[in-house]
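Below is one structure, written out as structure tokens, with a few remarks after it.
Heavy-atom basis, side chains included; hydrogens, waters and symmetry copies ignored. Small disclaimer: the values here were computed from a predicted structure and weren't measured. Chain naming here is simple, since letters A, B, ... match the order of the sequence lines and numbering starts at 1 in each.
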2 protein chains.
Amino acid sequence: MNITDYLAESPLFKGLNSENYKELAGIVMERDMKRGQFIFNEGDEGVGFYVVASGLVKIYKLSFEGKEQILHILGPGEPFAEVAVFTGMNYPANAMALEQSHLFFFPRTSFIHLLKKNPSLAMNMLATLSLRLKQFTHMIEALSLKEVPGRLAAYLLLLSSQNNDAATVKLSIAKTQLASLLGTIPETLSRILTRMNNQQYIESKGADISLLNRQALDDLASGEKRLE
Amino acid sequence: MNITDYLAESPLFKGLNSENYKELAGIVMERDMKRGQFIFNEGDEGVGFYVVASGLVKIYKLSFEGKEQILHILGPGEPFAEVAVFTGMNYPANAMALEQSHLFFFPRTSFIHLLKKNPSLAMNMLATLSLRLKQFTHMIEALSLKEVPGRLAAYLLLLSSQNNDAATVKLSIAKTQLASLLGTIPETLSRILTRMNNQQYIESKGADISLLNRQALDDLASGEKRLE
DNA sequence: CGCTGCGTTGAGCTTCTTCAACGATCGTGG
DNA sequence: CCACGATCGTTGAAGAAGCTCAACGCAGCG
């Protein structure tokens with residue numbers, strides 16, 4: 001599988017013609033990252049953006065004391081740091097590989113050059129950024145309106161829905177990372193998982209979690225009910 | 001002042017040529033809203049987006065119990081609901097006029113038509129969306145990493161910096177609305193303002209707030225210090 | 001004048017975090 | 001191959017932050 005095939009799989013570049021792909025392939029650079037390696041840090045100059053070819057990447061912010069809030073977890077086909085390309089500003093957050101990852105890097109100036117000649121590429125970017133904005137909207141809502149059990153319930157239901165409503169879901173990230181993604185800490189997450197088990201809403205064994213009572217999880221996610 | 005002049009003031013449309021403006025003026029529709037009037041509700045079909053000509057608009061989410069989280073407060077020249085245009089999805093939040101407002105409305109299909117012929121318009125939209133994404137990044141950081149005093153301090157410093165670092169700032173929205181914007185409730189906001197007064201960090205009289213100790217506010221905003 | 005919305009204050013309570021300790025797992029080097 | 005260390009997950013106890021509920025003053029406005 002060559003670079004063009006990989007690119008065609010990303011929503012960002014879907015539906016472009018072969019000439020477009022050739023041009024993209026012409027400016028792309030490849031980077032290999034090991035688990036735990038920094039891709040860039042908040043404040044670094046925004047020299048371009050990335051698309052995950054393989055692996056897993058987290059985008060996150062750190063507080064003064066070092067507490068982490070994950071903004072995104074990104075897998076194959078997903079772009080990140082596009083914002084830096086268009087604002088011309090520095091990266092607004094940190095990026096780290098969660099596992100061995102292969103990345104495509106698109107330098108800012110060359111990419112903008114492509115964009116200007118290419119309305120459909122621009123439309124794709126607009127759609128992608130819009131979707132991301134919508135995700136952030138949900139995230140802000142969750143962080144400010146819901147309690148942690150509600151956020152966790154929403155996350156589990158989301159995972160399930162992404163898997164044909166599977167009864168059992170597998171966490172693709174460590175529980176510590178999940179805690180950060182949900183805006184809390186590992187201890188709290190652990191306690192809430194225990195309580196959900198006690199209530200028979202779920203049955204969790206390590207990274208595998210079975211959803212036993214969807215209705216109850218729904219109620220938690222909508223804030224309609226509290227976790228006993 | 002005609003429509004074209006108004007449009008040219010919005011960052012969204014800055015730097016376009018006169019032909020572009022004429023086309024935009026050709027598809028725009030004008031709407032007048034009274035204070036408290038709904039512009040659209042979450043879940044409504046995303047038929048187009050708006051630019052504020054005059055007045056003030058809030059974009060917000062509601063929890064099950066009716067608690068509100070404001071996502072944005074928008075004034076003249078600022079666009080909103082662009083996301084719906086590109087995702088083709090329903091509006092992801094509610095919009096309400098905070099005061100008597102005059103709005104420009106751009107219907108989805110006509111606007112997309114313009115975009116496709118017009119790379120510089122697309123580039124402007126990309127830059128605008130990216131900036132908004134960056135703001136959301138900050139907001140998520142604030143909501144999850146900072147305590148309420150820190151968020152308030154950051155907000156006051158932001159207001160001041162938008163006014164040539166004025167020593168005294170005036171809140172353009174009601175304190176209840178500010179509470180929602182900061183992800184808290186009026187009672188908590190009120191108590192924190194009182195504490196900041198006691199510490200002589202600020203001096204507040206109604207909507208006018210003087211910043212007496214910028215260093216202390218900075219420390220709060222960065223999470224470096226706690227409010228006594 | 002009375003109503004309504006906004007802001008403030010107090011008391012009690014819930015949720016979450018902090019701090020500390022401990023068990024399990026896993027990869028690595030001896 | 002085993003032992004060790006590191007990371008991760010879990011549990012307990014105590015404390016802090018913010019929320020709920022309730023009451024009240026105040027201003028603007030019909």
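Of the candidates dT17(C), dT8(C), dC19(D), dC19(D) carries the atom nearest the Arg191(B) side chain, counting heavy atoms from C-beta on. Checking dT8(C), dG7(C), dT17(C) against the side-chain heavy atoms of Thr176(B) singles out dG7(C) as nearest. Checked against dT10(D), dC6(C), dC19(D), the side chain of Thr188(B) finds its nearest nucleotide in dC19(D). Side-chain proximity of Pro186(A) to dC6(C), dT10(D), dC16(C): nearest is dT10(D). Picking from dA16(D), dT9(C), dC16(C) the nucleotide with the shortest atom distance to the side chain of Thr184(A) gives dC16(C). Minimum atom distance to the side chain of Glu187(A) is reached by dA20(C), of the listed dG18(D), dA20(C), dC16(C).
Whole-Å rounding puts the Ile185(B) CD1 to dC6(C) P distance at 15 Å. In this entry the distance linking NZ of Lys67(B) with P of dC21(D) reads 12 Å, nearest Å. Here dA17(D) presents its C1' atom at 12 Å from CG of Leu227(B), a figure rounded to the nearest Å. Atom-to-atom, NZ of Lys175(A) to P of dC26(C) comes out at 13 Å; the value is rounded to the nearest Å.
Residues Lys61(B) and Ala93(B) share a closest heavy-atom pair of CG-CB, 4.3 Å.
Heavy-atom contacts from other residues, nucleotides or ligands closer than 6.0 Å to CD of Gln200(B) number 12 or fewer.
Looking only at atom types and distance, the side chain of Gln69(B) has a donor-acceptor partner in the side chain of Ser144(A) under 3.5 Å away. Defined by atom type and a distance below 3.5 Å, a donor-acceptor pair is missing between the side-chain atoms of Arg214(B) and Tyr201(B).
Residue contacts for Glu147(B): at a heavy-atom cut-off of 4.0 Å it reaches the sugar-phosphate backbone alone, with no base atom in range.
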